[in-house]
Structure formats: C-alpha cells, structure tokens
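Scope of the values below: all heavy atoms of this structure, side chains included, with no hydrogens, waters or symmetry mates.
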Amino acid sequence: MIHRRQCRVRVLGRRFTAACVCLMALLALPPAAAAAPCWLPPVPGEVIDPFREPPCPYCAGNRGIEYRVAAGTAVRAVATGVVTFSGPVAGVGYVVVRHGDGRRITYGRLAARTVDRGDRVIARMVVGRTTDRFHLGVRVGERYVDPAPMLGRLVGRPRLVPVDGTAARRPPPPRLRCGVGSAGSSR
C-alpha cells in the first residue's frame with residue numbers, strides 16, 4: 001500500500017514538473033517568436049523596390065518596401081496602435097505607429113498626414129496621403145524586418161453556382177491570405 005502511494009506521488013510530481021517546464025518555455029518565448037501578423041497592404045499599388053537589409057546600420061539598403069502609387073492615395077493603418085511620430089524627415093512626411101505586439105510600422109513618403117503623435121489609430125484608418133511613391137517599414141525592437149511576408153491579399157473562396165436558372169446564393173466572404181509574394185500584387 002505504501003509503495004503504491006509513493007509511486008503515485010512520484011508520477012504526479014513528474015507530471016507537475018513537466019507542466020511547469022512547458023509553461024516556463026512558453027513564457028520565455030520572445031514576442032517576435034509569436035506568429036507573424038497578416039495585414040492588408042496599406043495602399044493599392046505595385047512594389048517597385050523590395051526590402052534589402054543593409055549590412056551595417058549606416059550602409060545602403062532598403063529598410064522597407066517601396067510602392068508606386070497615384071499621388072494622393074489614402075494610406076491605411078495595417079493594425080491598431082498609437083502614433084509615436086508624425087512629421088517631416090528631410091522635408092518628407094512620415095508616420096510611425098507602435099502596435100500592441102511591439103512592432104513599429106513606418107508609413108513614409110507622405111504628402112499629407114492625418115494623425116498626430118499620441119493619436120490612437122485603428123486598423124484600416126487613413127493615416128495620410130501619398131506622393132507618387134510610398135514606403136512601408138516594420139521594426140521589431142531596433143531591427144528592421146521585411147514587411148512582405150506580413151502582407152496579404154483577399155482571396156475569394158470557390159463555390160458552386162446553379163446552372164438551372166435558380167438564383168445563386170451569396171458567396172462567402174473572402175479570406176485574408178498572407179505569405180511571401182503577396183505584397184507585390186496590384187489591387
């Protein structure tokens with residue numbers, strides 16, 4: 001009887017220890033290790049200059065992606081956050097929004113800004129208007145990362161349509177699909 005109780009206590013102790021180790025491992029994951037977001041692009045347009053990570057902090061590269069757009073195109077926030085910067089940099093307008101997951105999104109080459117520092121923005125809210133080009137940058141901590149894998153596109157879902165003349169049902173709503181290569185598509 002005592003032997004069984006000791007075995008049961010050991011088994012429960014091992015299970016508790018394993019559960020604690022798993023919980024600590026999950027809590028130790030940095031925020032960047034969480035699943036990447038999936039956003040609608042902030043502007044419709046063609047990507048003309050993709051992300052090119054510079055080899056050093058002051059070296060040449062592209063710390064985001066550049067779009068060719070019509071001047072005056074509305075720039076929409078990709079997610080909800082708080083504006084940490086809104087102003088000109090070397091005569092060109094920029095807006096930076098910090099999101100709840102710590103990412104900072106830079107909306108650049110703006111002809112006009114519609115938000116100020118401290119403003120709260122919600123996803124798809126207009127934050128400015130473009131020149132004939134638009135820059136989108138993403139920072140995780142102090143590191144710039146490629147925004148393209150985080151940008152998606154709405155994809156319609158296949159459905160059957162009646163051929164006997166009856167009215168078709170309304171299609172299901174499109175789904176947002178993310179992945180490399182989806183940022184450059186025109187809308």
Side-chain angles (χ1 to χ4, degrees), residues 25-45 47-69 71-154 175-185 187:
L26 286 173
L27 293 175
L29 287 175
C38 186
W39 303 314
L40 280 173
V43 295
V47 173
I48 57 173
D49 192 3
F51 179 82
R52 287 178 277 106
E53 187 168 8
C56 72
Y58 304 104
C59 294
N62 188 3
R63 292 165 175 82
I65 54 180
E66 302 280 331
Y67 288 87
R68 178 180 298 124
V69 293
T73 299
V75 176
R76 298 185 178 278
V78 295
T80 300
V82 176
V83 178
T84 59
F85 178 82
S86 178
V89 175
V92 180
Y94 283 85
V95 170
V96 178
V97 178
R98 178 182 294 277
H99 299 280
D101 62 4
R103 286 181 174 88
R104 287 179 288 168
I105 311 301
T106 301
Y107 305 93
R109 294 183 168 261
L110 303 177
R113 299 174 316 281
T114 59
V115 293
D116 292 315
R117 184 176 183 193
D119 287 353
R120 181 158 177 79
V121 298
I122 58 172
R124 308 310 295 155
M125 179 177 157
V126 175
V127 297
R129 301 263 172 201
T130 65
T131 60
D132 61 342
R133 290 177 68 151
F134 170 72
H135 171 85
L136 176 68
V138 177
R139 281 184 284 176
V140 176
E142 294 304 314
R143 187 171 159 252
Y144 287 91
V145 297
D146 186 0
M150 299 173 212
L151 298 175
R153 60 189 173 95
L154 291 175
R175 291 185 178 166
L176 185 61
R177 183 172 295 160
C178 269
V180 177
S182 60
S185 60
R187 294 198 222 322

**Prompt:** For I65 and P147, which heavy atoms make the closest approach, and how far apart are they?
**Reply:** CG1-CG, 4.1 Å
Output a table of donor-acceptor pairs, distance under 3.5 Å, between side-chain atoms of residues 133-146 and any protein atom two or more places apart or on a different chain; print 'none' if there are none.
{"from": "H135", "atom 1": "ND1", "to": "E66", "atom 2": "OE2", "distance (Å)": "2.8"}
{"from": "E142", "atom 1": "OE2", "to": "R104", "atom 2": "NH2", "distance (Å)": "3.0"}
{"from": "D146", "atom 1": "OD1", "to": "A148", "atom 2": "N", "distance (Å)": "3.0"}

**Message:** A side-chain contact here means heavy atoms from C-beta on lying under 4.5 Å apart; do T73 and Y67 qualify?
**Reply:** no
For residues 47-55, which side-chain donor-acceptor pairs fall under 3.5 Å, sequence neighbours excluded?
{"from": "D49", "atom 1": "OD1", "to": "R52", "atom 2": "NE", "distance (Å)": "3.4"}
{"from": "D49", "atom 1": "OD1", "to": "R52", "atom 2": "NH2", "distance (Å)": "2.9"}
{"from": "D49", "atom 1": "OD2", "to": "R52", "atom 2": "NH2", "distance (Å)": "2.9"}
{"from": "D49", "atom 1": "OD2", "to": "N62", "atom 2": "ND2", "distance (Å)": "3.4"}

**Nearest non-hydrogen partners of T114 and V126, listed with the distance** = OG1-O, 2.8 Å
**Item:** Nearest-0.5 Å distance that lies between atom CG in L151 and atom CG in L40
**Value:** 9.0 Å
**Asked** So, for R63 and C56, which heavy atoms are closest and what is the spacing to 0.1 Å?
**Response** NH2-O, 3.8 Å
Can you give each donor-acceptor pair under 3.5 Å made by side-chain atoms of residues 76-92, sequence neighbours left out, with the distance rounded to 0.1 Å?
{"from": "R76", "atom 1": "NH1", "to": "R124", "atom 2": "O", "distance (Å)": "2.9"}
{"from": "T80", "atom 1": "OG1", "to": "A123", "atom 2": "N", "distance (Å)": "3.3"}
{"from": "T84", "atom 1": "OG1", "to": "V96", "atom 2": "O", "distance (Å)": "3.4"}
{"from": "S86", "atom 1": "OG", "to": "R113", "atom 2": "NE", "distance (Å)": "3.2"}
{"from": "S86", "atom 1": "OG", "to": "V115", "atom 2": "O", "distance (Å)": "2.7"}

**Prompt:** So, for G152 and C38, which heavy atoms are closest and what is the spacing to 0.1 Å?
**Reply:** CA-SG, 4.4 Å
**Heavy-atom side-chain contact between R103 and P37 under 4.5 Å** = yes
